[in-house]
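To keep things clear, I will list the structure first and then write my remarks on it.
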Amino acid sequence: MNMKPIDLPIYHLPEGGLHMEEMGIDIPIDQCETMVITFFHINAIGPSGYRKSCTVYSNGRSFVCAMTLIALKNKIYSNNSWD
């Protein structure tokens, strides 16, 4: 099943955030910025540990999306015409 490319708002760490995470310091999601990433293949989607977001699994990596799981499902289905 092929899907059309889809643009999703994905949380990413603020500047210096990766260094903080490597030191074991958690970065609250509300301090992260979002950037639009185009996905050409999504393996799965599921809930995340953050409110009003979900997890996108693609090519062995996971991304936290700034959309609810239901909103993302609706966007994927409306972007594609699967029978």
Worksheet item: Any donor-acceptor pair under 3.5 Å linking the side chain of N43 with the backbone of N59?
Response: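 Side chain of N43 to backbone of N59: a pair is present.
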Worksheet item: Can any side-chain N or O of N79 pair as donor or acceptor with the backbone N or O of K75 at less than 3.5 Å?
Response: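 No, because the side chain of N79 does not come within donor-acceptor range (under 3.5 Å) of the backbone of K75.
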Discussion item. Whether the T38 and D7 side chains hold a donor-acceptor pair (N or O, under 3.5 Å, no angle test) is what I'd like checked.
Written reply: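 Looking only at side-chain atoms, D7 and T38 do form a donor-acceptor pair, the distance falling under 3.5 Å.
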Worksheet entry | Polar contact flag, side-chain donor to acceptor under 3.5 angstrom, S48-S53 |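 S53 and S48 do have a side-chain donor-acceptor pair below 3.5 Å.
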Rounded to the nearest 0.5 Å, how far does [atom2] of [Y] lie from [atom1] of [X]?
X: Y57; Y: H41; atom1: OH; atom2: NE2; value: 14.5 Å
X: I42; Y: M3; atom1: CD1; atom2: CE; value: 4.0 Å
X: I6; Y: L8; atom1: CD1; atom2: CG; value: 5.0 Å
X: M67; Y: L72; atom1: CE; atom2: CG; value: 5.5 Å
X: R51; Y: T68; atom1: CZ; atom2: OG1; value: 11.5 Å

Discussion item. For F39, is the CZ atom crowded, meaning more than 12 foreign heavy atoms sit under 6.0 Å from it?
Written reply: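 Yes - once you tally the heavy atoms of other residues, nucleotides and ligands closer than 6.0 Å, there are more than 12.
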Worksheet item: Hey, any chance I45 and F40 share a hydrophobic cluster, counting ILVMFWY side chains that come within less than 4.5 Å of each other, even indirectly?
Response: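 No, no single cluster joins them.
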